[in-house]
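Below you'll find the structure, written out as structure tokens, and then a few comments.
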Amino acid sequence: MTIEERIVNAVQAGVTALYSMEANASQVQLQKTKAEFEGHLTVVVFPFVKAARKSPEQVGEELGKYLAENLGDVVEKYNVVKGFLNLVVSDAPWVELLNKINSDEQFGFKPVTASSPLVMIEYSSPNTNKPLHLGHVRNNLLGAALARIVEANGNKVVKTNIVNDRGIHICKSMLAWLKWGNGETPESSGKKGDHLIGDYYVLFDKHYKAECDELSKQYMAEGMDADAAKEKAKQEAPLIKEAHAMLVKWEKNDAEVRALWRKMNEWVYAGFDETYKMMGVSFDKIYYESDTYLEGKEKVMEGLEKGLFYKREDGSVWADLTGEGLDEKLLLRSDGTSVYMTQDIGTAKLRFQDFPIDKMIYVVGNEQNYHFQVLSILLDKLGFKWGKDLVHFSYGMVELPNGKMKSREGTVVDADDLMAAMIEDAYKASEDKMKTLDMDEDEAREVARKVGLGALKYFILKVDARKNMLFNPEESIDFNGNTGPFIQYTYARIQSIMRKAKEQGINIPESLNTDVKISTKETELIQKLNQFEAAVRQAGIDYSPSGICNYCYELTKQFNQFYHDFTILGEQNEAVKVFRLSLCKAVAMVVKNGMGLLGIEMPERM
RNA sequence: GGUCCGGUAGCUCAGUUGGAUUAGAGCAACAGCCUUCUAAGCUGUGGGUCAAGGGUUCGAAUCCCUUCCGGAUCACCA
């Protein structure tokens, strides 16, 4: 039983004995004592004053006395301020707690067993016509972190990715490549496949725009008003017509178009793989829209037969969700082709065939909140048991100082460029340091990679996911303050201490003696360490990687203050020295576990 | 217009199931600290009507209502 649990139990027993009040555990509010008061833990007595019919101060005194008498091995002394009962916990329980933390490499994680629920997490979901940008980075980092957090809470996790590999946007790139590409390949140009295809997508758009401008001028000369002319030009431009023709050919399985499509998609996948690898992101199962986009139709027809949906005169199929307070939603076009929603139903069907899913989490931007509200209802109606409480992990946009990212206006931050720049910055920022640490070039580059990516990941994950966030590329990302590198740096310093302790032949025993005299600062650190478990649980409930970030930062900051106030290796008292080293060890392990959940690697030196 | 989500220091953000006369970090500014376990660090100063108003109660940044501002969404686009 933990210290907290023992106190809570004792308080429950206390109010029953003193005031004949049955208090459940949630009524006993136990919190960390504020720094300006003496004590470790504080009991809030307000919930009991009514039953006691006494002043909060009186209740605090009585309860404090009761605890001191009945829980003497834990509560050393107490004091009462207003309605708050501050408890000073004796040393031995803290040492026991530290021993417990240090005895478990997987501290804070729940084991996954055969009977654990299976949670599928979908994230990334790229289009194959352009490279990944900063928005995708947020998606990928959130998705991957979430997968680890959910797993750390004792669930089986399947990470999945649905690749949008078909549609008009792909045809645009293909057409541009045919027209102006001269057979350029990733090998011949030295470009990454996804960037190569992205370039042709942009090229298409440039030519298309030029055609539109010219055409709309022509229409206006013929007497059309400006808006109508623009609209018509968009549809009548030869390039878009050609792209549409290509899409039709693709749907009809035209051998030539399909071969080109496959070839170009392969280039893109090779490019994505590199980006994913650099980001440290992976998937257990990848679905392709070209395989799933027809699947949904069948399910929709099934629902139509069951009377869940209805057909309009023109042959289109709709779901009436006005009963749920939503609108009517199109599921099949009048020509029988599927829409976005139909595809997601189809993908759900395939996934459920492949895995016994208990819970589904979709990591998708908040612009699709409505879509997932509808999808949840539809999947539920269609009989998917996880449909009703599917989770749309909805995250906000990444904005730039001058507004949103727009790929056509060239105001995107490319994922590959960004990661490379971060790593380079980290390398430059630490060149002097690496010399003094006597690192060779390889190690220096490896450290820079961990630090640069750590900075980027932490920067993105520390912000509450559902909020829009601002990214300023010029100012780039700081390596000081509340950042990934700050935490990594602290870790590296602890590792350095541990190495030196080893050189000096100091052994840290598995289990410390409980008769060490320890200071308040030290107990505060142990308390903080012990909160890791709660932080992981909470993150699993809220789906909040940012909660883990905050925890890691607070722990690290606290350790840094400790580090400057205390000597560790220079400590004269051998027992205290060993105790502090043991504390260092625990901090390092917990920080590494926490940052590991975020996908951030910890360098042993930096 | 309907629905959903945001609004906390000059800037970027925290703020646990409502808790402590003083709402926290980081950046930026200013002042200190490297003969001492890694200064990517530590200490201090300045900076706030928690968008506004009302309500609930021992107690509100947090819960409820109204208003204001910002964003998203409401397609036979994906």
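Quantities reported herein were computed from a predicted structural model and do not represent experimental measurements. Throughout, a chain's letter reflects where its sequence line sits, starting with A, and its residues are numbered from 1. Hydrogens, waters and symmetry mates play no part in the numbers below; they use all other heavy atoms, side chains included.
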Answer yes or no: is there an ion pair linking A:Arg449 with A:Glu446, defined by an N-O contact shorter than 4.0 Å?
yes
I'd like to know if A:Glu236 pairs up with A:Lys241 as an ion pair, taking the criterion as any Lys NZ or Arg NE/NH1/NH2 lying under 4.0 Å from an Asp or Glu carboxylate oxygen.
yes
Those residues of residues 478-489 of chain A lying under 4.0 Å from RNA chain B by at least one heavy atom
A:Asp478, A:Phe479, A:Asn480, A:Gly481, A:Asn482, A:Phe486, A:Tyr489
Within less than 4.0 Å of OP1 or OP2 of B:U38, is there a side-chain N or O belonging to A:Ser496?
yes
Presence of donor-acceptor pair under 3.5 Å, side chain of A:Ser546 and base of B:A14
no
Is the closest side-chain heavy-atom distance between A:Pro485 and A:Asp478 below 4.5 Å?
no
Can you tell me if the side-chain N/O atoms of A:Lys500 get under 4.0 Å from OP1 or OP2 in B:U38?
yes
Between B:A25, B:U38, B:C76, which nucleotide gets closest to the side-chain atoms of A:Asp314?
B:C76
Phosphate OP1/OP2 of B:G26 contacted by A:Lys557 side-chain N/O (<4.0 Å)
yes
Among B:A20, B:A25, B:C58, the one nearest any side-chain atom of A:Phe46 is B:C58
In whole angstrom, what separates A:Tyr553's OH from B:U12's C1'?
13 Å
Is it the case that the base of B:C76 and the side chain of A:Ser334 share a donor-acceptor contact (distance under 3.5 Å, atom types as modelled)?
yes
Rounding to an integer number of Å, can you tell me how far A:Lys32 NZ sits from B:A20 C1'?
14 Å
Does OP1 or OP2 of B:C77 have a side-chain N or O of A:Arg333 closer than 4.0 Å?
yes
Run the salt bridge (Lys or Arg N to Asp or Glu O under 4.0 Å) test on A:Glu4 and A:Lys32 for me, step by step, so that the C-alpha distance in whole Å, both residues' side-chain angles and the decisive distance to 0.1 Å come before the verdict.
CA-CA 10 Å; A:Glu4 281 86 353; A:Lys32 189 177 176 290; over 6 Å; no
Between A:Gln561 and B:U43, is there a side-chain N or O to OP1/OP2 distance below 4.0 Å?
yes
At under 4.0 Å, does any side-chain N or O of A:Lys82 touch on OP1 or OP2 of B:C58?
no
Could you tell me whether A:Arg466 sits above the aromatic face of A:Tyr395, with NZ or CZ closer than 6.0 angstrom to the six-membered ring centre and within 45 degrees of the axis?
no
Take the protein atom CD1 of A:Ile377 and the nucleotide atom C1' of B:U3, then report the distance between them rounded to whole Å.
12 Å
Is A:Asp194 salt-bridged to A:Lys130, cutoff N-O under 4.0 Å?
no
Could you work out the separation of B:U17 and B:G10 based on their P atoms and round it to a whole Å?
28 Å
